[in-house]
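Each remark here refers to the structure printed beneath this line.
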Amino acid sequence: MHEVIPGARVEGEVLLDGEDIYASTVDPVEVRRTIGMVFQRPNPFPTMSIRDNVVAGMKLQGEKNKGRLDEICERSLRAAQPVERGQGPAGQARWRPLPAGQQQRLCIARAIAVQPDVLLMDEALLRASTRSPRSPSRDLIGELKKDYTIVNRHAQHASRPPRVSDQTAFFNLRATGEPRPASWRSTTTDKIFSNPTERATEDYISGRFG
């Protein structure tokens, strides 16, 4: 997304299955299909119905079969556990607006409709946790990770039992001029929260800094 910001640039590589997604030969549209994104704040398309929100990505890919789109919509809404159904717009005041948690689940349904390989969730499950008691957000991520590789940056979802993540990475970017370089630690979630090997990691997860 940084490409549209004046003066922004990226250096280095981001590898997915061994391929640099920033390489000049890689189609950014295909990257966006392969890697889904759910932002911290829900952003449903306000003038579209719930159905049209969910299938927007499939329509952009050229899918026109109504039966197929209906099937994708139903599957995605069920996986998001669930969004209230309706034909009115998803976020307009003139139609009963969805609560914030259900709006976020709608965005999750929209993201998984195209069946990406990786799902980036920027604290999305915090918003999605405004829900009915029978569909807690931990259950949601537990179900979604059966089908998708999920990257979520909220430590509480990883640290509090029952742990919802398999792997946790801690990245410590130190200020310029400090004697030690930035560090990166990635290991199993149980180990990083119960027996961290680096002092900075222990200080962070215990709340001494960060």
Side-chain angles (χ1 to χ4, degrees), residues 1-3 5 8-26 28 30-42 79-81 101 104-105 107-108 111-112 115-131 135-210:
M1 295 180 291
H2 66 278
E3 298 99 327
I5 301 175
R9 72 179 192 275
V10 63
E11 296 178 357
E13 296 177 326
V14 177
L15 302 180
L16 178 63
D17 294 333
E19 184 176 16
D20 181 15
I21 65 172
Y22 286 119
S24 59
T25 56
V26 173
E30 181 60 23
V31 171
R32 295 183 181 108
R33 191 208 67 77
T34 305
I35 305 175
M37 178 75 191
V38 184
F39 294 92
Q40 183 176 4
R41 294 183 180 275
Q81 299 185 11
Q104 192 62 296
R105 287 169 179 269
C107 294
I108 292 172
I112 64 178
Q115 295 189 294
D117 296 328
V118 179
L119 193 58
L120 306 181
M121 305 185 81
D122 181 10
E123 295 191 6
L125 289 171
L126 282 181
R127 300 280 174 173
S129 64
T130 306
R131 78 288 186 191
S135 57
S137 59
R138 289 178 181 276
D139 288 349
L140 174 58
I141 197 170
E143 288 300 312
L144 290 175
K145 74 177 189 177
K146 295 176 182 178
D147 299 310
Y148 308 98
T149 297
I150 296 177
V151 181
N152 180 26
R153 73 179 182 92
H154 195 264
Q156 289 182 1
H157 278 94
S159 63
R160 293 178 180 174
R163 304 199 196 281
V164 297
S165 66
D166 302 312
Q167 298 283 323
T168 296
F170 172 68
F171 182 56
N172 182 23
L173 183 62
R174 297 183 176 90
T176 301
E178 289 194 16
R180 292 181 298 170
S183 63
W184 171 278
R185 292 292 180 270
S186 179
T187 185
T188 64
T189 298
D190 284 335
K191 180 172 177 55
I192 206 167
F193 283 104
S194 61
N195 186 28
T197 58
E198 188 183 61
R199 176 64 182 272
T201 308
E202 184 178 358
D203 288 347
Y204 179 78
I205 64 176
S206 62
R208 285 192 283 268
F209 84 89

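Index from 1, following the sequence. The basis for the numbers below is simple: all heavy atoms, side chains too, and nothing from hydrogens, waters or symmetry mates.
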Return the set of residues passing side chain to side chain contact (heavy atoms under 4.5 Å, CB included) with [X] (not counting sequence neighbours), or none when no residue passes.
{"X": "Asp20", "answer": "Glu13, Leu15, Tyr22, Ala23"}
{"X": "Thr34", "answer": "Leu16, Glu30, Asp117"}
{"X": "Gln167", "answer": "Ser186, Thr188"}
{"X": "Thr149", "answer": "Val118"}

Over all heavy atoms of both residues, which pair between [X] and [Y] is shortest? Give the atoms and the distance, please.
{"X": "Ala111", "Y": "Pro116", "answer": "O-CD, 3.4 Å"}
{"X": "Met121", "Y": "Ile108", "answer": "CE-CD1, 3.6 Å"}
{"X": "Arg33", "Y": "Gln115", "answer": "NH1-O, 3.6 Å"}

Self-check item: Name of the residue among Ile150, Val151, Thr189 meeting side chain to side chain contact (heavy atoms under 4.5 Å, CB included) with Ser165
Solution: Thr189

Is the shortest side-chain heavy-atom distance between [X] and [Y] below 4.5 Å?
{"X": "Ile21", "Y": "Ile35", "result": "yes"}
{"X": "Asp147", "Y": "Ile112", "result": "no"}
{"X": "Lys191", "Y": "Thr168", "result": "no"}

Quiz item: Within the distance-only criterion (no hydrogens, no angle test), does the side chain of Gln104 pair as donor or acceptor with the backbone N or O of Gln40 below 3.5 angstrom?
Solution: yes

Quiz item: Partners of Glu11 by side-chain hydrogen bond (donor to acceptor under 3.5 Å, both in side chains), sequence neighbours excluded?
Solution: Arg9

Quiz item: Residues two or more places apart in sequence or in another chain: which of them pass salt bridge (charged side-chain N to carboxylate O under 4.0 Å, His left out) with Asp166?
Solution: Lys145

Self-check item: Residues forming a salt bridge (charged side-chain N to carboxylate O under 4.0 Å, His left out) with Glu202, sequence neighbours excluded
Solution: Arg208

